[in-house]
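Encoded as structure tokens, the structure appears first; notes follow it.
The sequence lines fix the lettering, A, B, ..., with proteins before strands; numbering per chain opens at 1. Hydrogens, waters and symmetry mates are skipped; everything else that's a heavy atom, side chains included, is used. For clarity, every value in this text was computed on a predicted model and none was experimentally measured.
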2 protein chains.
Amino acid sequence: MGETAITIRAKTAPGATRKGVETRNRIIKGAREALEEGGMEALTTRRIAASADVKLATLHYYFESKESLLLAVLEDLIADMEEAYRQDVALPKAPEDRVEALIRASWRYIQRTRGKQIAQQELTLYALRTKGSEWLAARQYNAYIDFYGHLVFEDDRDEDLRRIGRAVARQMLIGIDGIILQSYALQDLSTSNDDIEALITAMRGYLRRLMVERDKGR
Amino acid sequence: MGETAITIRAKTAPGATRKGVETRNRIIKGAREALEEGGMEALTTRRIAASADVKLATLHYYFESKESLLLAVLEDLIADMEEAYRQDVALPKAPEDRVEALIRASWRYIQRTRGKQIAQQELTLYALRTKGSEWLAARQYNAYIDFYGHLVFEDDRDEDLRRIGRAVARQMLIGIDGIILQSYALQDLSTSNDDIEALITAMRGYLRRLMVERDKGR
DNA sequence: GTCTATAAAATGATAGAC
DNA sequence: GTCTATCATTTTATAGAC
């Protein structure tokens, strides 16, 4: 057998240059906004291109398919969350009060970002539907669990506290996801407010219970 | 002015005859199955027609648009729920035990009907996105709240009990919707089971608290 | 009421100039 | 890297025979 020359391809991949990265991000942002605005059903590549102020062919230069673009949008959402996690959030000292403050902050956010919240749920369902992309939905949730989990305790270097923080975070997320749908559907603010108070009470109780169990086990 | 002859149109509307109703229902069922199977993104009128074993033109004879068909599917889902409500469900006597049994039954159902649950959430989001159809999402939730609410107390003729049953039902629904997404995303059964136990404890506590408050107020 | 055939528009994607 | 122009399908929807 003769020798085989291996050629290293020097061709820059789409999005490698500075301007390339910029355009790629603009397309993702455009997709996000178009999705928040009109929902999944109306989300066409043409609309995305228009929203990103880019020609249709340019969109396809950066993303080989609509599917890969949508998954990139979800990844971008996750990155945003991880970014937000790095920022310090002003919270009370006592863990239970922190949980309460977190839920109240989330609730305020939910009330003024309807399109964004629905878009996020649509994308999550899309990932769950897209074969081979379920891991993305998992990553999204894990990012949220990390985020909320770290905020439960001011100092969670202790392994037990980390575990408890994550358990509480999962329950908070369950409650928040559930209330997003229900509050937008029922459109009854006073009822939703009651539900938020109930959620807060439940989460305080859950945290307290986990702490008691932990203290017993020492 | 002369007299105006008013002609009563005798033309039967689509779906008025016996066979018509049958076909219409078959189309709705076909749409439901196609949706559960492949998700919103892949849900085209052609696929629906094929799934219902009907020609494309027939579909359009019964539904003036894809949108009206999808909304009919959601209405059908609601009707199913109201039908299920009429059936008696075997439940324990004590309200708290009933709540626990309801959550466990829901959880078992969720685990074996992934496609159906995702389809339902996709449709709810679709209704929330479709201008003028938000009321459908509200009706869907109210049907569920009625359903769960009536099951909390064996006898809820008392107005306080009905109110409490509905409050608990709303919280249960929030938890169940939240856990649908999270359990499918995380794909971690032991974690989801923990979350279900936590939800049960929380709901028992909530019900107990509401009952105590009510007793104080007499 | 259901079908075949087809219209009319929209969609995801590519070729190739600049 | 971005554009214009265009392709190849696919999609929703309708006309009209049976």
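OP1 and OP2 of C/dG12 both lie 4.0 Å or more from every side-chain N or O belonging to A/S65. Taking 4.0 angstrom as the limit, A/Y61 places none of its side-chain polar atoms (N or O) nearer than this to OP1 or OP2 of D/dT2. Phosphate contact (OP1/OP2 of D/dT11, side-chain N/O of B/T45, threshold under 4.0 Å): absent.
Look at NE2 on A/H60: it is 7 Å from P on C/dT14, rounded to the nearest Å. Atom pair B/R46:CZ and D/dT10:P shows a separation of 9 Å (rounding to whole Å applied). Regarding B/L56, its CG atom lies at a distance of 13 Å from the C1' atom of D/dA15, rounded to whole Å. Between A/M40 atom CE and C/dG12 atom C1' there is a gap of 15 Å when expressed in whole angstrom units. Taking atom CD on A/E41 and atom C1' on C/dT11, their separation rounds to 13 Å, with Å as the unit. Put simply, CZ on B/R47 is 18 Å from C1' on D/dA13, counting in whole angstrom units. If you take OH of B/Y62 and P of D/dT14, they are 17 Å apart, rounded to a whole angstrom. Counting to the nearest Å, the C1' atom of C/dA13 and the CG atom of A/L59 are 10 Å from each other.
A donor-acceptor contact closer than 3.5 angstrom is absent between the side chains of B/E64 and B/S68. Inspection of the B/D177 and B/Y141 side chains reveals an N or O donor paired with an N or O acceptor under 3.5 Å. For the residue pair A/T130 / A/E67, no side-chain donor-acceptor distance below 3.5 Å is found, with atom types taken as modelled.
Here the side chain of B/A57 is nearest to one of D/dA13, C/dC3, D/dT4, namely C/dC3. Considering only side-chain atoms of B/V54, the nucleotide from C/dC3, C/dG12, D/dA13 that sits closest is C/dC3. The side chain of A/T23 has D/dG1 as its nearest neighbour among D/dG1, C/dC3, C/dT2. For A/T58, the side-chain atoms get nearest to D/dT2 when compared with the rest of C/dT14, D/dT2, D/dT14. Taking only side-chain atoms of A/K66, from C-beta outward, the nucleotide of C/dA13, D/dT14, D/dT12 with the closest atom is C/dA13.
Contact of the A/R98 side chain with the A/E154 side chain is registered, since non-hydrogen atoms from C-beta on lie closer than 4.5 Å.
With B/T23 contributing its side chain and B/K19 its backbone, the two residues share a donor-acceptor pair below 3.5 Å.
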